Protein chains: 2
Amino acid sequence: METIGQILRNKRQTLGLFLRQVSAYVDIDQAILSKIERNERKPTKEMLGKLSEILKLNKDELLVQFISDKIAYEIAGEDCAEKVLKVAEKKIKYLKSHPIQN
Amino acid sequence: METIGQILRNKRQTLGLFLRQVSAYVDIDQAILSKIERNERKPTKEMLGKLSEILKLNKDELLVQFISDKIAYEIAGEDCAEKVLKVAEKKIKYLKSHPIQN
DNA sequence: TTATTACTTGACAGTAAGTGTCAAATTTAA
DNA sequence: TTAAATTTGACACTTACTGTCAAGTAATAA
């Protein structure tokens, strides 16, 4: 089970790129990228887009990993985590099938 | 599909209680409770516990509603929301079946 | 009308969490 | 040892969230 950070780091190393190079492309400090790869900071969607480009990763898949990471981290400690997800799924289906109110 | 706020407000009114009374029991400003019921602020877990007591609601069920609300709100706008949940579920199962690292 | 009650709203200050930047420290490789 | 790659922590800045409070609306009764 890979975290976002691990995915990014593995792919970067596979491609033989340095933090310096990738961070320059993404236009962020390399300290930030280092922290992202170690899951100490979370990338923005913009960063993910750029990262998927230079690392040749599927952008949508990366986004899924990113958000699911966040959610899993958020609720992994709850006893009722599975039930939470089921209810959340229903709510999302409901929200999508109904017009937005604001 | 009820939000947390709606659940709390409906039950409070069914029981014939005023914001003043409930907020006193929960030990929060009634302005905060008003905002919670209108989903303008989010209750803490402590508040939820107290609220479930005075409103005679199932504490765990309320917690599920609360967290699922938060998640649904967080990702309802994503195209890949359903996939996110599936992946999150896998990650949670993985996290629960493996010892914590820190 | 006035008064009272229930609730809502917005401003406020304080706190907590997140941001990017930078330099120093550490690790790794040659 | 040297140099390159990476990590770490301090810093100032911003953003988001907190509870408190006073003034606001709306509805009802006197």
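Every chain is numbered from 1, with letters handed out A, B, ... down the list of sequences. Bear in mind that the values here come from a model prediction, so they are computed numbers and not experimental data.
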Atom pairs, N/O to N/O, protein against nucleotides 27-30 of chain D, distance under 3.5 Å?
none

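The side-chain contact (heavy atoms from CB on, under 4.5 Å) search around A/K35 returns A/R38, A/E40, A/R41, not counting sequence neighbours. Every residue was checked against the salt bridge (charged side-chain N to carboxylate O under 4.0 Å, His left out) condition with A/E74, not counting sequence neighbours, and none meets it. Residues meeting the salt bridge (charged side-chain N to carboxylate O under 4.0 Å, His left out) test with A/E2, sequence neighbours left out: none. Checked against side-chain contact (heavy atoms from CB on, under 4.5 Å), A/E37 has the following partners two or more places apart in sequence or in another chain: A/L8, A/R9, A/R12, A/L19, A/L33. Residues meeting the salt bridge (charged side-chain N to carboxylate O under 4.0 Å, His left out) test with B/E78, sequence neighbours left out: A/K45. The side-chain contact (heavy atoms from CB on, under 4.5 Å) test applied to B/K42 returns B/F66, B/K70, not counting sequence neighbours. For B/Y73, there are no side-chain contact (heavy atoms from CB on, under 4.5 Å) partners two or more places apart in sequence or in a different chain. By the salt bridge (charged side-chain N to carboxylate O under 4.0 Å, His left out) test, A/K83 is found to be paired with B/E61, residues two or more places apart in sequence or in another chain being considered.
As rounded to whole Å, 14 Å separates atom P of D/dA5 from atom CG of A/L33. Whole-Å rounding puts the B/K42 NZ to D/dC17 C1' distance at 11 Å. Taking atom CZ of B/R38 as the reference point, atom P of C/dC7 lies 11 Å away to the nearest angstrom. Regarding A/E40, its CD atom lies at a distance of 13 Å from the C1' atom of D/dA10, rounded to whole Å. The CD-P distance, from A/E46 to C/dT19, rounds to 13 Å in whole Å. Put simply, CD on B/Q30 is 13 Å from P on D/dT20, counting in whole angstrom units. Atom CD1 in A/I36 sits roughly 15 Å away from atom C1' in D/dT6 (whole-Å rounding).
Using a 4.0 Å cut-off on heavy atoms, the residues of residues 6-27 of chain A that approach DNA chain D are A/R9, A/R12, A/F18, A/L19, A/R20, listed by number.
Every pair passing side-chain hydrogen bond (donor to acceptor under 3.5 Å, both in side chains) that includes a residue from residues 20-29 of chain A is listed here, sequence neighbours excluded: A/Y25-A/E53.
Here the CD atom belonging to B/E89 is positioned 7.5 Å from the CD1 atom belonging to B/I92, to the nearest 0.5 angstrom. Atom CD1 of B/I67 sits about 9.0 Å away from atom CD1 of B/I4, to the nearest 0.5 Å.
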| Sugar-phosphate or base contact per nucleotide [nucleotides 22-30 of chain C; S, B, -; heavy atom under 4.0 Å] | B--------

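Phosphate contact (OP1/OP2 of D/dT6, side-chain N/O of A/S34, threshold under 4.0 Å): absent.
Residues B/E37 and B/R41 both approach DNA chain C. Their nearest nucleotides, taken by heavy-atom distance, put B/E37 toward the 5′ side.
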